[in-house]
Trainee: 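Could you have a look at this structure, given as structure tokens, before my questions?
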Amino acid sequence: MYKVFQFTINPPDPGSEIVMALLEESPFESFELTSTGLLAYIKKEDCKELNLPNFNEFPFKVQYSSTEIEDQNWNAEWEANLQPVSIDQVYLHAYFQKPNTSFRYNICITPKMSFGTGHHPTTRLMCQFIQQLSEPPKKVWDIGTGTGVLAILSEKMGANEVDATDTDAWSLKNAEENLETNYCQHIQLHASVDFTPKKNSKDLIVANINKNILKTYAFECSETLVNKGILIISGFFETDVEDLIKYMETYNLKYKTELVENEWAALLFIKLDGSCVA
């Protein structure tokens with residue numbers, strides 16, 4: 001038995017995507033954007049672990065209700081409405097959709113509700129930043145890989161050593177399927193607790209995760225990057241930019257530039273040589 005939570009959000013844009021991102025860490029199995037907000041599906045027994053945010057803190061109105069429903073293949077329902085996404089030279093499509101040869105990088109993603117299908121602004125911002133690099137990455141660490149899309153793009157751009165980590169076993173399984181579909185040869189998947197990067201071993205680190213977790217990785221990112229290596233982060237709002245820049249720069253990660261879409265932001269930092277001062 002499942003329960004469906006119906007969120008009515010005013011205004012729905014960008015409120016619906018903000019709420020969906022926050023609920024990603026809850027035990028919901030799938031989401032569906034509607035004209036008035038969002039539907040979120042969860043197994044009835046998982047409701048015991050459900051801890052919803054305090055929606056009164058947001059600059060938009062959120063109301064919700066829930067009802068019980070019979071089991072269905074929610075992923076199949078979601079797939080039926082999924083559309084391809086183009087991000088500069090990248091074309092993200094599902095296995096049941098044709099590639100588009102007019103794009104330089106075609107990436108086939110099997111949608112399993114993992115974060116990173118390209119439909120969320122933060123994934124698009126990360127893909128834009130990676131494509132804008134003056135030199136293609138060679139040694140990459142993808143933190144919170146989700147579907148594996150950023151790791152896959154890095155390999156397609158020429159990376160020959162990519163470590164992709166995630167705390168969620170379901171995401172790692174999904175990423176594994178996507179690596180096979182895209183014929184990747186240079187990406188290694190790891191559970192986050194099982195991976196310890198070598199010092200000064202990466203020229204690019206990408207992390208599309210929330211603000212607080214990004215801060216916990218700041219020291220490790222600084223230690224892992226080579227001198228003048230690049231860190232690209234997203235998963236937070238534009239209002240968090242100043243705080244994150246200030247925090248990251250205490251770890252010799254010099255702010256370079258940012259991208260913004262629908263109140264979501266992505267930041268690019270350059271690693272400076274020397275020991276961390278924090």
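Computed from a predicted model, the values in this text were never measured in an experiment.
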Trainee: Taking Tyr255's backbone N and O only, do any of them form a donor-acceptor pair with Glu249's side chain (distance below 3.5 Å, no angle check)?
Mentor: yes
Trainee: With a 3.5 Å distance limit and no angle check, can you tell me whether Asp166 reaches the backbone of Gly146 through a side-chain donor-acceptor pair?
Mentor: yes
Trainee: Charged N to carboxylate O below 4.0 Å: is that the case for Lys215 and Asp240?
Mentor: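 Here Lys215 does not pair with Asp240 in a salt bridge, since their nearest N and O are not under 4.0 Å apart.
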Trainee: Is it the case that the ring center of Phe237 lies less than 6.0 angstrom away from the ring center of Trp264?
Mentor: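 Yes, ring centres under 6.0 Å apart.
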Trainee: Answer with yes or no whether the hydrophobic clustering places Val206 together with Val226; edges join I, L, V, M, F, W, Y residues whose side-chain heavy atoms lie under 4.5 Å apart.
Mentor: no
Trainee: To check you understand the geometry: which heavy-atom pair defines the closest contact between Leu225 and Lys271, and what is its length?
Mentor: O-NZ, 3.3 Å
Trainee: Judged by modelled atom types alone, do His93 and Asn100 share a side-chain donor-acceptor pair under 3.5 Å?
Mentor: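 Result is no, nothing qualifies.
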Trainee: Measure the acute angle between the ring planes of Tyr64 and Phe7, then classify it against the limits of 30° and 60° as parallel, tilted or perpendicular.
Mentor: tilted
Trainee: Does the plane of the ring in Phe58 sit parallel, tilted or perpendicular to the ring in Phe60? Use 30° and 60° as the thresholds.
Mentor: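 Ring orientation, 0 to 90° scale: parallel.
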Trainee: Please test Ser26 against Phe5 for side-chain contact (heavy atoms from CB on, under 4.5 Å), starting from the C-alpha separation and ending with a verdict.
Mentor: CA-CA 13 Å; Ser26 300; Phe5 281 72; over 6 Å; no
Trainee: If I compare all heavy atoms of Gly235 with all of Thr122, which pair ends up nearest, and what's the gap?
Mentor: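 So the minimum-distance heavy-atom pair works out to N-CG2, 3.6 Å.
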Trainee: How far apart are the closest heavy atoms of Ser222 and Asn252, and which atoms are they?
Mentor: OG-CB, 4.3 Å
Trainee: Identify the two heavy atoms, one from Ile209 and one from Gly144, that lie closest to each other, and give their separation to 0.1 Å.
Mentor: CG2-CA, 4.0 Å
Trainee: So which atom in Leu38 and which in Ser16 form the shortest heavy-atom distance, rounded to 0.1 Å?
Mentor: CD2-O, 4.2 Å
Trainee: Say whether Val260 and Ile232 are linked into one hydrophobic cluster, either directly or through other cluster members, by side-chain heavy-atom distances under 4.5 angstrom.
Mentor: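 Each belongs to a different hydrophobic cluster.
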Trainee: Looking at Thr147, is its backbone amide N or carbonyl O close enough to the side chain of Asn178 to form a donor-acceptor pair, meaning the two atoms are under 3.5 Å apart?
Mentor: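 Side chain of Asn178 to backbone of Thr147, a donor-acceptor pair under 3.5 Å: yes, one is there.
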Trainee: Using atom types as modelled and distance alone, determine if a side-chain donor or acceptor of Thr216 lies under 3.5 Å from a backbone N or O of Ile213.
Mentor: yes
Trainee: Ignoring hydrogens and angles, tell me if any N or O in the side chain of Glu258 forms a donor-acceptor pair with the backbone of Val241 under 3.5 Å.
Mentor: no
Trainee: Thr224 side chain to Asn200 main-chain N or O, any donor-acceptor pair under 3.5 Å?
Mentor: no
Trainee: Just to verify, what does Phe103 make a ring-ring contact (aromatic ring centres under 6.0 Å, His included) with, not counting sequence neighbours?
Mentor: Tyr91
Trainee: Has Glu176 got a side-chain atom pairing as donor or acceptor with Leu172's backbone, closer than 3.5 angstrom?
Mentor: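 The answer is no, because no donor-acceptor pair under 3.5 Å joins these two groups.
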Trainee: Working to the nearest 0.5 angstrom, can you tell me the gap between Ile233 CD1 and Leu125 CG?
Mentor: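 If I round to the nearest 0.5 Å, the distance is 12.0 Å.
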Trainee: Between atom OG of Ser234 and atom NZ of Lys211, what is the distance when rounded to the nearest 0.5 Å?
Mentor: 13.5 Å
Trainee: Under 3.5 Å, which donor-acceptor pairs link side chains of residues 152-162 to any protein atom two or more places apart or in another chain?
Mentor:
{"unit_1": "Ser154", "atom_1": "OG", "unit_2": "Leu150", "atom_2": "O", "d": "2.9"}
{"unit_1": "Glu155", "atom_1": "OE1", "unit_2": "Gln185", "atom_2": "N", "d": "3.3"}
{"unit_1": "Glu155", "atom_1": "OE1", "unit_2": "His186", "atom_2": "N", "d": "2.9"}
{"unit_1": "Glu155", "atom_1": "OE2", "unit_2": "Gln185", "atom_2": "N", "d": "2.9"}
{"unit_1": "Lys156", "atom_1": "NZ", "unit_2": "Asn106", "atom_2": "O", "d": "3.3"}
{"unit_1": "Glu161", "atom_1": "OE1", "unit_2": "Lys139", "atom_2": "NZ", "d": "3.4"}
{"unit_1": "Glu161", "atom_1": "OE2", "unit_2": "Lys202", "atom_2": "NZ", "d": "3.0"}

Trainee: Looking only at heavy atoms, what is the nearest atom pair of Trp141 and Pro197, with distance?
Mentor: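 Between these two residues, the closest heavy atoms are CZ3-CG, 3.6 Å.
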Trainee: Please check this pair: side chain of Asn182 against backbone of Cys184, looking for a donor-acceptor N/O pair closer than 3.5 Å.
Mentor: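 No: the side chain of Asn182 does not pair with the backbone of Cys184.
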